[in-house]
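In each ligand, atom 1 is the first atom listed, and ligand 1 is the first ligand listed.
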Amino acid sequence: MNRKLALYGLVALFAVAWGHSASAAEKLRMLIIDGQNNHNWREMTPPMKAALEATGRFTVDVATTPNNKAPKGAWDSFQPEFTKYDVVLSNYNGQRWPDRVEKALEEYVSNGGGLAIIHAANNAFAGWSEYDKMIGLGWRDNKYGERVTVDGDGKVVRTPKGEGPGAGHGPQHAFKVVIRDAEHPITKGMPHEWMHAKDELYQGQRGPAEHMHILATAFAAKEMKGTGTNEPMVWVIPYGKGRVFTTVMGHVGGKGDPSIRCVGFQTLVARGAEWAATGKVTIPIPDNLPTADKVSLAPSDAK
Ligand code: ZN
(Lines give C-alpha, C1' and ligand atoms only; values in the text may rest on other atoms or scores of the structure.)
Protein backbone atom coordinates (compact mmCIF):
# COMPACT_ATOMS: atom_id res chain seq x y z
CA MET A 1 0.00 0.00 0.00
CA ASN A 2 2.70 2.38 1.01
CA ARG A 3 4.61 1.56 -2.13
CA LYS A 4 1.48 2.13 -4.19
CA LEU A 5 0.89 5.50 -2.56
CA ALA A 6 4.50 6.47 -3.15
CA LEU A 7 4.09 5.51 -6.80
CA TYR A 8 0.95 7.64 -7.11
CA GLY A 9 2.85 10.49 -5.51
CA LEU A 10 5.67 10.10 -7.99
CA VAL A 11 3.28 10.00 -10.95
CA ALA A 12 1.51 13.13 -9.67
CA LEU A 13 4.85 14.87 -9.27
CA PHE A 14 5.86 14.05 -12.83
CA ALA A 15 2.46 15.14 -14.14
CA VAL A 16 2.93 18.54 -12.50
CA ALA A 17 6.45 18.84 -13.86
CA TRP A 18 5.39 17.81 -17.36
CA GLY A 19 2.37 20.08 -17.27
CA HIS A 20 4.58 22.98 -16.30
CA SER A 21 7.21 22.35 -18.94
CA ALA A 22 4.52 21.92 -21.60
CA SER A 23 3.14 25.39 -20.92
CA ALA A 24 6.61 26.98 -20.72
CA ALA A 25 7.41 25.42 -24.07
CA GLU A 26 4.25 26.78 -25.68
CA LYS A 27 5.37 28.43 -28.86
CA LEU A 28 4.43 31.86 -30.05
CA ARG A 29 3.02 32.05 -33.53
CA MET A 30 4.79 34.51 -35.81
CA LEU A 31 3.95 35.67 -39.31
CA ILE A 32 6.75 37.23 -41.40
CA ILE A 33 5.58 39.38 -44.28
CA ASP A 34 7.86 39.87 -47.29
CA GLY A 35 7.55 39.99 -51.07
CA GLN A 36 8.68 43.51 -51.98
CA ASN A 37 11.71 45.36 -50.73
CA ASN A 38 14.56 47.51 -52.01
CA HIS A 39 16.65 44.93 -50.12
CA ASN A 40 17.32 41.29 -50.84
CA TRP A 41 14.32 39.97 -48.90
CA ARG A 42 14.84 36.48 -50.32
CA GLU A 43 18.24 36.38 -48.57
CA MET A 44 16.81 37.87 -45.37
CA THR A 45 13.65 35.97 -44.51
CA PRO A 46 15.01 32.37 -44.39
CA PRO A 47 17.95 33.08 -42.03
CA MET A 48 15.82 35.36 -39.82
CA LYS A 49 13.13 32.65 -39.67
CA ALA A 50 15.75 30.02 -38.81
CA ALA A 51 17.32 32.17 -36.08
CA LEU A 52 13.90 32.85 -34.55
CA GLU A 53 12.89 29.18 -34.65
CA ALA A 54 16.26 28.20 -33.18
CA THR A 55 15.28 30.00 -29.95
CA GLY A 56 12.59 27.35 -29.49
CA ARG A 57 10.07 30.09 -28.73
CA PHE A 58 8.44 30.61 -32.15
CA THR A 59 6.73 28.81 -34.97
CA VAL A 60 7.06 30.99 -38.04
CA ASP A 61 4.90 31.25 -41.15
CA VAL A 62 5.72 33.51 -44.09
CA ALA A 63 3.23 35.48 -46.18
CA THR A 64 4.70 36.76 -49.44
CA THR A 65 2.89 39.55 -51.27
CA PRO A 66 2.53 39.74 -55.04
CA ASN A 67 5.46 41.50 -56.71
CA ASN A 68 5.15 45.13 -57.79
CA LYS A 69 4.44 44.22 -61.42
CA ALA A 70 1.65 41.80 -60.62
CA PRO A 71 -1.79 42.66 -62.01
CA LYS A 72 -4.11 44.32 -59.52
CA GLY A 73 -6.21 41.16 -59.16
CA ALA A 74 -3.17 39.29 -57.81
CA TRP A 75 -3.70 41.10 -54.50
CA ASP A 76 -7.16 39.54 -54.03
CA SER A 77 -5.60 36.44 -52.51
CA PHE A 78 -3.31 38.40 -50.17
CA GLN A 79 -5.32 38.13 -46.98
CA PRO A 80 -2.97 37.40 -44.08
CA GLU A 81 -4.91 36.21 -41.05
CA PHE A 82 -3.14 38.42 -38.54
CA THR A 83 -5.39 37.32 -35.68
CA LYS A 84 -4.04 33.76 -35.90
CA TYR A 85 -0.63 35.09 -34.77
CA ASP A 86 0.94 36.44 -31.61
CA VAL A 87 3.32 38.64 -33.55
CA VAL A 88 3.76 39.89 -37.11
CA LEU A 89 7.26 40.72 -38.36
CA SER A 90 7.56 42.99 -41.37
CA ASN A 91 10.40 42.47 -43.82
CA TYR A 92 8.39 44.41 -46.41
CA ASN A 93 9.06 47.70 -48.17
CA GLY A 94 6.91 48.11 -51.24
CA GLN A 95 3.51 49.03 -52.58
CA ARG A 96 0.68 50.00 -50.24
CA TRP A 97 -1.48 47.03 -49.30
CA PRO A 98 -5.16 46.83 -50.18
CA ASP A 99 -7.21 48.93 -47.79
CA ARG A 100 -8.78 45.86 -46.14
CA VAL A 101 -5.30 44.48 -45.27
CA GLU A 102 -4.06 47.79 -43.87
CA LYS A 103 -7.23 48.12 -41.76
CA ALA A 104 -6.82 44.52 -40.58
CA LEU A 105 -3.26 45.24 -39.37
CA GLU A 106 -4.43 48.38 -37.54
CA GLU A 107 -7.17 46.40 -35.80
CA TYR A 108 -4.88 43.49 -35.02
CA VAL A 109 -2.25 45.66 -33.31
CA SER A 110 -4.72 47.96 -31.55
CA ASN A 111 -6.48 44.86 -30.15
CA GLY A 112 -3.23 43.65 -28.59
CA GLY A 113 -1.24 42.05 -31.42
CA GLY A 114 2.53 42.37 -31.62
CA LEU A 115 4.41 43.96 -34.51
CA ALA A 116 8.14 43.87 -35.26
CA ILE A 117 9.65 46.19 -37.86
CA ILE A 118 13.02 45.33 -39.39
CA HIS A 119 15.28 47.80 -41.23
CA ALA A 120 13.62 49.03 -44.47
CA ALA A 121 10.17 47.99 -43.26
CA ASN A 122 10.24 51.47 -41.70
CA ASN A 123 10.71 52.95 -45.20
CA ALA A 124 7.34 51.60 -46.27
CA PHE A 125 3.90 53.12 -46.43
CA ALA A 126 4.56 56.88 -46.33
CA GLY A 127 1.16 58.54 -46.00
CA TRP A 128 -0.44 55.69 -44.01
CA SER A 129 -0.84 57.71 -40.83
CA GLU A 130 -1.69 54.78 -38.53
CA TYR A 131 1.43 52.93 -39.71
CA ASP A 132 3.47 56.07 -38.99
CA LYS A 133 2.08 56.01 -35.45
CA MET A 134 3.06 52.34 -35.07
CA ILE A 135 6.63 52.79 -36.32
CA GLY A 136 7.15 56.22 -34.75
CA LEU A 137 9.98 57.16 -37.09
CA GLY A 138 10.34 56.22 -40.74
CA TRP A 139 12.65 56.80 -43.66
CA ARG A 140 11.13 60.15 -44.68
CA ASP A 141 12.32 63.66 -45.56
CA ASN A 142 12.73 66.30 -42.90
CA LYS A 143 9.36 67.93 -43.59
CA TYR A 144 7.51 64.72 -42.73
CA GLY A 145 7.76 64.85 -38.96
CA GLU A 146 9.96 65.22 -35.92
CA ARG A 147 13.40 63.77 -35.50
CA VAL A 148 14.48 62.08 -32.26
CA THR A 149 18.08 61.67 -31.11
CA VAL A 150 19.95 61.23 -27.82
CA ASP A 151 22.57 63.76 -26.68
CA GLY A 152 25.90 63.14 -24.94
CA ASP A 153 24.20 63.17 -21.52
CA GLY A 154 21.69 60.52 -22.56
CA LYS A 155 18.86 63.05 -22.88
CA VAL A 156 16.29 62.58 -25.64
CA VAL A 157 16.31 65.51 -28.09
CA ARG A 158 13.39 66.23 -30.42
CA THR A 159 14.05 68.29 -33.55
CA PRO A 160 10.99 69.90 -35.16
CA LYS A 161 9.71 69.14 -38.62
CA GLY A 162 11.68 71.02 -41.30
CA GLU A 163 14.82 71.49 -39.18
CA GLY A 164 17.92 69.34 -39.46
CA PRO A 165 18.55 66.35 -41.68
CA GLY A 166 16.02 63.92 -43.11
CA ALA A 167 16.55 60.21 -43.54
CA GLY A 168 19.92 58.95 -44.73
CA HIS A 169 22.96 56.86 -43.96
CA GLY A 170 26.68 56.92 -44.69
CA PRO A 171 28.80 54.04 -45.96
CA GLN A 172 28.26 50.72 -44.20
CA HIS A 173 30.52 49.95 -41.27
CA ALA A 174 30.60 48.04 -38.00
CA PHE A 175 29.38 50.28 -35.18
CA LYS A 176 28.83 50.23 -31.46
CA VAL A 177 25.28 49.80 -30.18
CA VAL A 178 24.65 51.56 -26.85
CA ILE A 179 21.85 50.30 -24.61
CA ARG A 180 19.80 53.24 -23.31
CA ASP A 181 17.40 51.35 -21.06
CA ALA A 182 19.04 48.50 -19.15
CA GLU A 183 15.79 47.70 -17.29
CA HIS A 184 13.48 47.09 -20.25
CA PRO A 185 12.67 43.37 -20.67
CA ILE A 186 14.18 43.33 -24.19
CA THR A 187 17.57 44.80 -23.25
CA LYS A 188 17.86 43.77 -19.59
CA GLY A 189 21.10 41.85 -19.06
CA MET A 190 22.77 43.02 -22.28
CA PRO A 191 26.19 44.63 -22.02
CA HIS A 192 25.98 48.44 -22.10
CA GLU A 193 27.82 48.56 -25.44
CA TRP A 194 28.41 45.95 -28.10
CA MET A 195 29.85 46.00 -31.59
CA HIS A 196 27.29 45.43 -34.34
CA ALA A 197 28.48 43.83 -37.60
CA LYS A 198 28.85 45.96 -40.73
CA ASP A 199 25.51 47.60 -41.45
CA GLU A 200 23.87 50.83 -42.53
CA LEU A 201 23.56 53.30 -39.69
CA TYR A 202 20.20 54.99 -40.24
CA GLN A 203 20.00 58.66 -39.30
CA GLY A 204 17.52 61.51 -39.52
CA GLN A 205 14.45 59.28 -39.36
CA ARG A 206 11.19 61.23 -39.20
CA GLY A 207 7.67 60.74 -37.95
CA PRO A 208 5.15 61.44 -35.20
CA ALA A 209 7.35 59.57 -32.66
CA GLU A 210 4.50 59.56 -30.12
CA HIS A 211 5.10 57.48 -26.97
CA MET A 212 8.40 56.34 -28.49
CA HIS A 213 10.76 54.70 -26.00
CA ILE A 214 14.37 54.33 -27.18
CA LEU A 215 16.16 51.14 -26.11
CA ALA A 216 19.43 51.51 -28.04
CA THR A 217 21.33 54.08 -30.09
CA ALA A 218 24.47 54.26 -32.23
CA PHE A 219 26.77 57.23 -32.76
CA ALA A 220 26.64 58.41 -36.39
CA ALA A 221 30.24 59.61 -36.79
CA LYS A 222 30.83 62.62 -39.06
CA GLU A 223 33.79 60.86 -40.70
CA MET A 224 31.31 58.18 -41.80
CA LYS A 225 29.03 60.89 -43.26
CA GLY A 226 26.95 60.75 -40.12
CA THR A 227 25.07 63.42 -38.20
CA GLY A 228 27.54 63.55 -35.30
CA THR A 229 24.97 62.45 -32.76
CA ASN A 230 23.37 59.33 -31.25
CA GLU A 231 20.72 57.96 -33.58
CA PRO A 232 18.00 55.57 -32.35
CA MET A 233 18.62 51.97 -33.43
CA VAL A 234 15.94 50.17 -31.41
CA TRP A 235 12.70 51.49 -29.94
CA VAL A 236 9.26 50.42 -28.79
CA ILE A 237 5.86 52.07 -29.07
CA PRO A 238 2.45 51.12 -27.67
CA TYR A 239 -0.39 51.15 -30.20
CA GLY A 240 -3.79 50.67 -28.59
CA LYS A 241 -3.45 47.46 -26.59
CA GLY A 242 -0.61 46.29 -28.86
CA ARG A 243 3.14 46.68 -28.80
CA VAL A 244 5.49 47.59 -31.65
CA PHE A 245 9.22 46.81 -31.70
CA THR A 246 11.40 48.51 -34.31
CA THR A 247 15.04 48.11 -35.23
CA VAL A 248 16.51 49.99 -38.15
CA MET A 249 19.47 47.61 -38.24
CA GLY A 250 19.56 44.61 -40.56
CA HIS A 251 20.60 45.78 -44.04
CA VAL A 252 20.98 42.98 -46.57
CA GLY A 253 21.71 44.13 -50.10
CA GLY A 254 23.60 41.14 -51.42
CA LYS A 255 24.27 37.57 -50.49
CA GLY A 256 26.33 37.20 -47.31
CA ASP A 257 25.88 40.71 -45.87
CA PRO A 258 26.69 40.15 -42.20
CA SER A 259 24.25 42.46 -40.35
CA ILE A 260 21.54 39.85 -39.76
CA ARG A 261 24.13 37.29 -38.65
CA CYS A 262 25.21 39.54 -35.76
CA VAL A 263 24.40 37.65 -32.56
CA GLY A 264 23.38 40.96 -30.97
CA PHE A 265 20.94 41.72 -33.79
CA GLN A 266 19.46 38.21 -33.70
CA THR A 267 19.06 38.42 -29.92
CA LEU A 268 17.37 41.82 -30.12
CA VAL A 269 14.94 40.68 -32.81
CA ALA A 270 14.01 37.47 -30.97
CA ARG A 271 13.56 39.21 -27.62
CA GLY A 272 11.84 42.19 -29.25
CA ALA A 273 9.39 39.92 -31.06
CA GLU A 274 8.69 37.93 -27.89
CA TRP A 275 8.05 41.14 -25.98
CA ALA A 276 5.81 42.48 -28.75
CA ALA A 277 3.83 39.24 -28.54
CA THR A 278 3.55 38.90 -24.76
CA GLY A 279 4.95 41.94 -22.96
CA LYS A 280 7.53 39.65 -21.34
CA VAL A 281 10.87 38.17 -22.36
CA THR A 282 12.08 34.65 -21.55
CA ILE A 283 14.59 34.14 -24.39
CA PRO A 284 18.05 34.26 -22.80
CA ILE A 285 20.95 36.46 -23.85
CA PRO A 286 23.57 34.12 -25.34
CA ASP A 287 27.13 33.95 -24.04
CA ASN A 288 28.57 34.86 -27.43
CA LEU A 289 27.00 38.31 -27.68
CA PRO A 290 29.43 40.82 -29.26
CA THR A 291 31.67 42.72 -26.83
CA ALA A 292 32.28 46.47 -26.95
CA ASP A 293 35.14 45.93 -29.41
CA LYS A 294 34.44 42.67 -31.15
CA VAL A 295 31.76 41.65 -33.61
CA SER A 296 30.16 38.22 -33.06
CA LEU A 297 28.54 36.43 -35.99
CA ALA A 298 26.30 33.37 -35.97
CA PRO A 299 27.55 30.69 -38.40
CA SER A 300 26.49 31.45 -41.98
CA ASP A 301 25.15 27.94 -42.47
CA ALA A 302 22.64 28.45 -39.66
CA LYS A 303 19.86 28.92 -42.20
ZN1 ZN B 1 19.44 49.03 -46.18
Side-chain angles (χ1 to χ4, degrees), residues 32-49 51-52 62 64-65 67-68 89-96 115-126 131-132 134-142 144 147-149 165-177 195-207 214-221 223-227 229-235 244-269 272-273 290 295 297-298 300 303:
I32 297 182
I33 300 194
D34 64 12
Q36 293 188 26
N37 208 314
N38 57 330
H39 293 74
N40 196 337
W41 59 268
R42 286 183 183 83
E43 291 292 327
M44 287 178 76
T45 297
M48 283 202 292
K49 180 177 189 283
L52 286 157
V62 178
T64 299
T65 66
N67 69 48
N68 61 8
L89 182 148
S90 179
N91 182 26
Y92 179 91
N93 177 23
Q95 289 173 289
R96 289 284 296 263
L115 180 64
I117 300 290
I118 309 298
H119 194 58
N122 98 325
N123 297 200
F125 303 138
Y131 188 76
D132 281 333
M134 292 185 226
I135 65 172
L137 295 177
W139 181 280
R140 323 280 190 224
D141 68 34
N142 84 339
Y144 198 87
R147 172 180 182 226
V148 184
T149 50
H169 61 73
Q172 293 179 47
H173 59 292
F175 54 82
K176 219 176 258 187
V177 170
M195 188 60 79
H196 180 42
K198 184 178 158 192
D199 201 343
E200 289 171 346
L201 198 167
Y202 271 23
Q203 60 191 26
Q205 304 296 293
R206 295 282 175 163
I214 296 172
L215 299 185
T217 61
F219 184 73
E223 57 269 31
M224 298 307 286
K225 298 194 172 147
T227 51
T229 190
N230 300 299
E231 297 283 347
M233 292 293 109
V234 183
W235 61 89
V244 185
F245 164 86
T246 295
T247 178
V248 290
M249 299 187 288
H251 171 88
V252 176
K255 222 181 172 112
D257 280 356
S259 68
I260 61 169
R261 281 177 53 210
C262 167
V263 175
F265 172 85
Q266 292 185 349
T267 303
L268 274 174
V269 171
V295 163
L297 296 181
S300 62
K303 286 192 176 179

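Under the side chain to side chain donor-acceptor pair (under 3.5 Å) rule, N91 has a single partner from D34, T64, T45, which is T45.
Atom NE2 is the N/O/S atom of H39 found closest to the Zn ion (ligand 1). H251 contributes atom ND1 as its closest N/O/S atom to the Zn ion (ligand 1).
The two residues V177 and A216 make their nearest non-hydrogen contact at CG1-CB, 3.8 Å. A121 and S90 get closest at one heavy-atom pair: CB-O, 3.2 Å.
When distances to the Zn ion (ligand 1) are checked against a cut-off of 2.8 Å, H169 contributes no N, O or S atom below that limit.
Note on ring orientation: taking the six-membered ring where Trp is involved, the planes of H196 and F265 are parallel (angle under 30°, cut-offs 30° and 60°).
Annotation: angle subtended at the Zn ion (ligand 1) by H119 NE2 and E200 OE1 is 90°, to 10°.
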